[in-house]
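What follows is one structure encoded as structure tokens, with my remarks underneath.
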Amino acid sequence: MKNKFNIYCKYFLASGVTVAVISCSNTKFLKDGQMLYTGAEVKIESDTLSKKEKSELQSALEENLTPKPNSSFLGLRPKLYAYNATSEPKKEKGLKYWLKYKFGEEPVLLGDVDREFNKDIIVNYSENKGYFNAKAKYDTVSKNKKAQVIYTLNPGARYLISNVNFPQDSTLINSEIQNLKAKTLLKSGNPFDLDVIKNERQRIDDGLKDKGFYYFSPDNIIVQADSTVTKEPKVELIVKLKDNTPKLATEQFTIDKVVVFPNYNLRDAKKGKYNIPMNPDSLKGYEYNDIYVVDPDKKFKPRIFDRALYFNKGDIYNRKDHNLSLNRLISLGVFKFVKNDFVVSDSLNHKFDAYYVLTPRELQSLRLEALGRTNSANYAGSELNLNWTQRNFFRGAEQFKASVYGAFDVQIGGPEDAENIFRAGANAQLSIPRIVAPFRFNSSSAFVPRTNIQIGYEFQNRTTLYTLNTFNASFGYQWKENVRKEHELKVIDISLIDPANVTPKFELKTADNPYLRRVTEQQLIFGPTYSYTYSTTMLPRKNTFYYKGMLDLAGNITGLVTGANVKEGKEKTIFGVPFSQYAKIENDVRFYHKFTEKTSFASRFIAGVAIPYGNSEHIPFSRQFFVGGSNSIRAFRARTLGPGSFDPRTQKEGFSFDQSGDVKLELNAEYRANLYKFLNVAAFVDAGNIWLINDEFNKAGENIRPGGKFSKEFLSEIAVGAGVGLRLDFSILVLRLDLAMPLRVPYYEKGDRWAFDRINFGDSSWRRDNLILNIAIGYPF
């Protein structure tokens, strides 16, 4: 008997279910005749399937059964127990209501399970995977008011694809389909799989959309499966257009007119103004490079649309260009809503007009921010920021941002001699949505490349110690290849640090500490910097990855041209200020794994090194590495760890918070879980340290930070800390509290650095010195 049938797309209801057989801790609440449903199991009876094939089919089938049994934890069902143990609340609020209806779960009973429906799901899913002769049955096993359903499947032989045929005819659309068949997903010898067939139909649709067939749909494709070609369990697949495919879907369209409305709003929509379709010639617009712009107030320069839109008059429609144009308009940052319509203008010649209706954002905004903060270095303070943004500065979607700020940090504990800090400053940035350069830069990315120009000044006063004036300026480019890859190149990044009011107190305290004295030396840092970011964290995957690499080259060309060599006494200056010369690289790698919707694992590894040469013997203090604090190794206060095995407690009071290094290694791991809506918890481990490239000596020839140099002993100098955290995630704000304690302290004696035998939660002095509370905004990584 012949077995020939058509497959358009078979959809079977297959709601997911997690199948498990776990004993119930409490069934006394059940009425007579009721049984608690504890899950289902699918058994595969087949002599032809391998153990791996059976396991994969069984897991997929069990995943599609419904309903889910009550959730369990360590063999218990606390949510079910909470539901049954809590009496009916009188109000829809309070603890009782939360326990019963928010935390609790209503019991899933055997009577809720439609076993015939699940049997049909098992058979239908098996057929969709090529087991055309699948048969299933079920049995119910019950004991002590608990029931489990056992489904048994006899799948039969799995049908394979013998060959794939794309019939030819003389139509234009068939010619394009023939051009696409070489990359078909349907391969001879592969198992029949309905999901692959659906993906093949979508692939053909995507290919035709890129060739001008705007009105085509995947539903216009039919895949016929013929099993009569051989007595073996094989099928021939025939891929072709449906006979009733609409004529419009088979026509290749070109662009006639491109019309842009860059100043559209809801008021205009209510008045019926600029309704689509329309006659653009009757509007008060103008033409620019084949783009008709309707902008009576001339708010925008037309060249921004010429750069953003990838459609030109006469072009064949292409969906990639369609999506690219929309994404580039959005990435300009000046439009709140972007809408696109295609309207047939000449059906005989297969032409349509492309309309772009754009609603601008508020072009100017003024924001005042007041912040309160505290950190693990025993400082608390406040900051006030005033920010002004203009999103269309020169009418070309240029974003100009200016801000002024003031902040102070006051010591609230720790060393008695610590100093309070006051900061104030201003900065301005102009971001131009194109590459401004003497060379031509073409980008087909969905993201508009930008040229960034920035200038700023900061005044910092450390009360009775010193004052620093910092000037900075930069010019560079930022561009994205795609949603995953981003580049930022600062062609020039300049910082000038000019100290003032250096007090005798500071001179006295740093008399034998040359590395701290460098904080108040004039510093001129300039050169290019480059960073590359790759991220998949925005994708809906279980495993995601993030990487950011940074390269900073300061004074390298200038040092080479001038022949600077500080070790040979050839220190060079610019306007009387020695310039810094060094190479610095830093790598930040993160990995995230999602166990369930509510639990995940996050990890981070940082490795960096900065090497001074030529005109510099040391890395500028502001460009060195630091560890410790709320976003680093949380069991140690900010900037109090390292370098190496150096003990910062041996320094003078007030300077133990300023440890810096030239080499950095850090590893963080964190388990995160959601308890209830915005309430999250975490358990974490942090490890790492910083080191020096070269030892540092005072005038007396003494090593001022012994043990700080990077050596082959670096693994024995890794600090380790662990702790638990509480996070309040309100979407727009994440408040984080992490409590950590050191497990390994690198500045203890080499054989006694693990601190397990020192842990004593009952000792108040131990708790004060070793339990570090970090309060922060946002996740650490």
Side-chain angles (χ1 to χ4, degrees), residues 375-377 537 542-548 586-596 598-608 625-645 648 659 661 663-675 679-691 713-727 729 734-748 750 752-761 766-767 769-781:
N375 63 35
S376 60
T537 56
K542 281 192 173 183
N543 297 315
T544 55
F545 177 82
Y546 171 92
Y547 168 77
K548 183 172 184 179
E586 185 173 7
N587 298 278
D588 183 341
V589 184
R590 305 177 190 183
F591 173 76
Y592 303 90
H593 176 75
K594 194 174 184 180
F595 295 106
T596 67
K598 293 189 174 183
T599 59
S600 63
F601 171 78
S603 60
R604 176 180 67 179
F605 175 68
I606 299 176
F625 297 108
F626 306 89
V627 287
S630 59
N631 293 322
S632 182
I633 304 175
R634 286 160 278 187
F636 298 85
R637 302 187 189 279
R639 299 191 177 193
T640 61
L641 180 60
S645 59
Q659 304 309 319
V663 179
K664 178 179 180 179
L665 291 175
E666 183 177 335
L667 178 65
N668 314 91
E670 190 167 281
Y671 176 81
R672 299 169 179 171
N674 173 258
L675 291 183
L679 185 60
N680 301 302
V681 295
F684 57 84
V685 177
D686 303 318
N689 206 339
I690 53 173
W691 292 267
E713 302 291 327
F714 75 96
L715 286 178
S716 67
E717 297 169 344
I718 296 289
V720 180
V724 294
L726 184 68
R727 288 84 191 275
D729 190 343
V734 178
L735 178 62
R736 174 164 55 93
L737 296 91
D738 288 333
L739 184 65
M741 68 176 182
L743 299 180
R744 194 170 191 268
V745 183
Y747 47 79
Y748 287 168
K750 188 172 182 179
D752 194 31
R753 289 173 178 169
W754 287 103
F756 295 113
D757 57 343
R758 299 184 182 89
I759 297 176
N760 185 1
F761 291 102
W766 181 90
R767 294 197 304 269
D769 295 336
N770 293 278
L771 291 182
I772 308 298
L773 177 64
N774 297 275
I775 302 174
I777 302 296
Y779 289 95
F781 53 90

Considering only heavy atoms from C-beta outward, does the side chain of D729 approach that of Y779 to under 4.5 Å? yes

Is there a donor in the side chain of E666 and an acceptor in the side chain of S632, or the other way round, less than 3.5 Å apart? yes

Would you sort out whether R672 and Y592 count as a side chain to side chain contact (heavy atoms under 4.5 Å, CB included), showing the intermediate values? CA-CA 11 Å; R672 299 169 179 171; Y592 303 90; 4.2 Å; yes

If you take all heavy atoms of V720 and V685, which pair is closest and at what distance? CG1-CG1, 4.2 Å

Point-to-point distance, once rounded to the nearest 0.5 Å, from CG of L737 to CD1 of I775: 5.5 Å

Apply the test salt bridge (charged side-chain N to carboxylate O under 4.0 Å, His left out) to residues E670 and R727: give CA-CA distance (whole Å), side-chain angles for both, the deciding distance (0.1 Å), then the verdict. CA-CA 13 Å; E670 190 167 281; R727 288 84 191 275; 2.9 Å; yes

The ring-ring contact (aromatic ring centres under 6.0 Å, His included) partners of F714 (sequence neighbours excluded) come to F710

When rounded to the nearest 0.5 Å, the distance separating CH2 of W691 from CG of N689 is 5.0 Å

Between D588 and K548, is a salt bridge (charged side-chain N to carboxylate O under 4.0 Å, His left out) present by the stated rule, with each step listed? CA-CA 5 Å; D588 183 341; K548 183 172 184 179; over 6 Å; no

Distance-only donor-acceptor check, side chains Y547 and N587, under 3.5 Å: yes

For N631, what residues pass the side-chain contact (heavy atoms from CB on, under 4.5 Å) criterion, not counting sequence neighbours? R736, P780

Taken to the nearest 0.5 Å, the spacing of N543 CG from K594 NZ works out to 11.5 Å

Measure from NZ or CZ of R634 to the centre of the six-membered ring of F684, then state whether that distance is under 6.0 Å and the direction lies within 45° of the axis. yes

Which heavy-atom pair separates A755 from P742 by the least distance, and what is that distance? CB-O, 4.0 Å

Looking at S603 and F591, would you say the former's side chain and the latter's main chain have a donor-acceptor pair under 3.5 Å? yes

Could you give the distance from CD1 (I633) to CZ (F626), rounded to the nearest 0.5 Å? 14.0 Å

Quick one: does R744's side chain have a donor or acceptor within less than 3.5 Å of a partner on F756's backbone? no

Which atom names give the shortest non-hydrogen contact between T640 and P648, and what distance separates them? O-CG, 3.1 Å

Does this structure show an ion pair linking R753 with E717, if we count only N-O contacts that are shorter than 4.0 Å? no

For G661 versus I690, what's the shortest heavy-atom pair and its separation? N-CD1, 3.6 Å

Between R604 and N668, do the side chains contain a donor N or O and an acceptor N or O under 3.5 Å apart? yes

Please report the shortest heavy-atom distance between D769 and I772, naming the atom on each side. O-CD1, 4.3 Å

Hey, mind stepping through L726 and L679 against side chain to side chain contact (heavy atoms under 4.5 Å, CB included) and telling me if it holds? CA-CA 8 Å; L726 184 68; L679 185 60; 3.4 Å; yes

Stepwise side chain to side chain contact (heavy atoms under 4.5 Å, CB included) test for Y747 and V745: CA-CA 6 Å; Y747 47 79; V745 183; 3.4 Å; yes

Checking side-chain contact (heavy atoms from CB on, under 4.5 Å) against S630, which of D738, N774, L773 comes through? N774

Heavy atoms only: give me the nearest I759-M741 pair and the separation to one decimal. CD1-CE, 3.7 Å

In sequence, state the C-alpha distance, the side-chain angles, and the governing distance for N770 and F761, and then conclude on side chain to side chain contact (heavy atoms under 4.5 Å, CB included). CA-CA 10 Å; N770 293 278; F761 291 102; over 6 Å; no

